[in-house]
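Computed over heavy atoms, backbone and side chain alike; hydrogens, waters and symmetry mates excluded. Here the structure is a predicted model, which is why all the values come from computation and not from measurement. Chain naming here is simple, since letters A, B, ... match the order of the sequence lines and numbering starts at 1 in each.
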Amino acid sequence: MARPSRLQREVGIVLARRDHGEADRVIVLLTPEQRIDVLAKGVRKTRSRKAGHLELFSKTEVLLSRVKQSWDIVSQAEAVTVRAQLQDDFSRATYARYVAELVIRFFEGETSRQLYDLVDATFERLETAAPAALLTRWFEQQLLALAGFRPEWGMCVGERDAELCREPLRPRPTDRRAYGIDAERGGALCSDCLARHRNERGVRALSPSALSWLQALQQRDYAEAASFDLPPATARELAQVMDRYIAHHLERRPSALRILDG
Amino acid sequence: MGKAAVPPSVTNLIQTFSELPGVGPKTASRLAFYLLRGKSDLALRLATALQDLVERTRFCSICYNVTEADPCPICADPARDHASVCVVEEPLDMLALERTDQYAGVYHVLHGALSPLEGIFAEDLRIAELETRIRQGDVSEVILATNPTSEGDYTAAYLVQRIKTIGTRVTRLGRGLPMGGDLEYADAVTLTRALESRQEL
């Protein structure tokens with residue numbers, strides 16, 4: 001007896017894909033409600049009518065046939081927005097893979113509308129003129145907040161005499177002493193707490209400029225954050241500290257940006 | 001019926017079959033028992049074929065295609081144009097191009113496409129070997145024939161970055177509509193690319 005199936009219409013963003021069986025692909029789809037893996041049959045054949053509609057990062061309307069205790073199968077697919085720039089430009093394509101990887105590693109199953117809108121807007125900006133590295137740093141801050149890992153950049157997360165320090169952090173370019181970043185406690189440290197916690201796991205020095213950038217990236221919307229000039233040295237520092245911060249919480253280093261290392 | 005009812009040599013074969021892609025435990029058992037019951041020389045021929053596969057094949061030291069002779073017949077053919085190198089993901093892609101009978105150059109097989117999420121990086125593919133080959137030999141054109149998919153395009157974009165610094169001409173296979181397809185079902189990207197690369201008649 002055929003198992004009961006029902007059709008369901010969904011709009012989703014293709015985050016990742018992997019080959020499955022002879023000519024099928026598993027598509028990782030982010031919809032406004034969830035992150036799901038669906039099966040697209042025969043899409044690796046050139047004659048497939050669905051193939052071009054399920055490319056990475058495109059926003060696609062799919063008709064899913066839901067089978068209990070089995071894969072949801074894509075029975076129709078029609079691309080709403082195809083992100084061709086994220087296929088052709090190597091650097092943008094790399095950052096787009098990183099964005100998708102973070103979503104996949106931090107979220108599973110049910111997700112929120114905010115996440116969907118964030119990813120959609122990020123891909124759209126990434127495809128246009130936005131400076132990819134700055135946009136990616138902004139995205140990281142927003143994503144961590146949605147994932148429940150919102151770092152505290154506004155006040156010190158250090159401890160003194162078994163009490164939280166909570167010193168408000170107002171970094172200025174004239175500051176002589178470095179601040180700190182503490183991945184384990186989930187935020188920034190004042191200079192005194194950095195000195196005290198320096199040798200602990202996940203603690204590193206942070207320049208005043210990098211800290212004020214982290215505060216801005218977390219609190220402001222993208223357009224506002226992008227209106228300031230990000231000096232190259234700070235950009236490099238931010239990339240490094242966030243790479244370590246995220247790796248600490250994921251317990252693995254994201255792989256997508258590794259390709260830019262060498 | 002306990003597990004002991006099936007002799008270890010059969011269980012072992014079933015186990016081995018089920019490690020193949022697309023073969024589940026049921027198919028594996030069916031294949032094993034077919035070989036057991038079938039004409040005895042089928043199993044022996046299969047065994048010999050498998051042994052030959054392992055013992056006699058290797059990668060061509062020039063193009064990394066699977067071959068019995070090194071260099072492979074294509075790389076060793078003086079009638080081929082060795083200045084034109086066509087880069088493909090898999091040996092099967094090369095066979096598909098050979099079937100067209102339209103390409104007289106040589107190949108380079110990457111053995112995959114970049115996919116950082118699945119842990120496939122440049123060092124896992126034959127990219128450094130391709131670079132060395134271009135730097136050393138008289139290569140005048142590199143034809144990128146990676147698949148027209150996100151992964152294939154990403155690999156091509158990466159290769160362009162690396163090869164352009166050497167200064168060799170790089171081209172990409174044309175992308176557009178497949179024969180026998182219907183315009184109505186074509187996606188926007190394919191149609192856009194077909195429009196971009198339209199030709200004067």
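- Annotation for B:Asp41: atom CG counts as buried by contact number, over 12 foreign heavy atoms lying within 6.0 Å.
- Remark: B:Arg37 pairs with B:Phe33 by the side chain to side chain contact (heavy atoms under 4.5 Å, CB included) rule, at least two apart or across chains.
- With a threshold of 4.5 angstrom between heavy atoms, A:Ala93 approaches chain B through its backbone and through its side chain.
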Which donor-acceptor pairs fall under 3.5 Å between chain B and chain A:
unit_1   : atom_1 : unit_2   : atom_2 : d
B:Pro116 : O      : A:Ser255 : OG     : 2.9
B:Glu123 : OE2    : A:Arg258 : NH2    : 2.7
B:Ser150 : N      : A:Glu55  : OE1    : 2.7
B:Ser150 : O      : A:Arg97  : NH2    : 3.3
B:Ser150 : OG     : A:Glu55  : OE1    : 2.6
B:Ser150 : OG     : A:Leu56  : N      : 3.0
B:Ser150 : OG     : A:Gln87  : OE1    : 3.2
B:Glu151 : OE1    : A:Arg17  : NH2    : 2.6
B:Glu151 : OE2    : A:Arg17  : NE     : 3.4
B:Tyr154 : OH     : A:Thr94  : OG1    : 2.7
B:Arg193 : NH2    : A:Asp88  : OD1    : 2.8
B:Arg193 : NH2    : A:Asp88  : OD2    : 2.9

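- When all heavy atoms of B:Pro116 and A:Ala256 are compared, the pair lying nearest together is CB-CA, 3.7 Å.
- Proximity to chain B (any heavy atom under 4.5 Å) is restricted, for A:Ile104, to the side chain, taken from C-beta onward.
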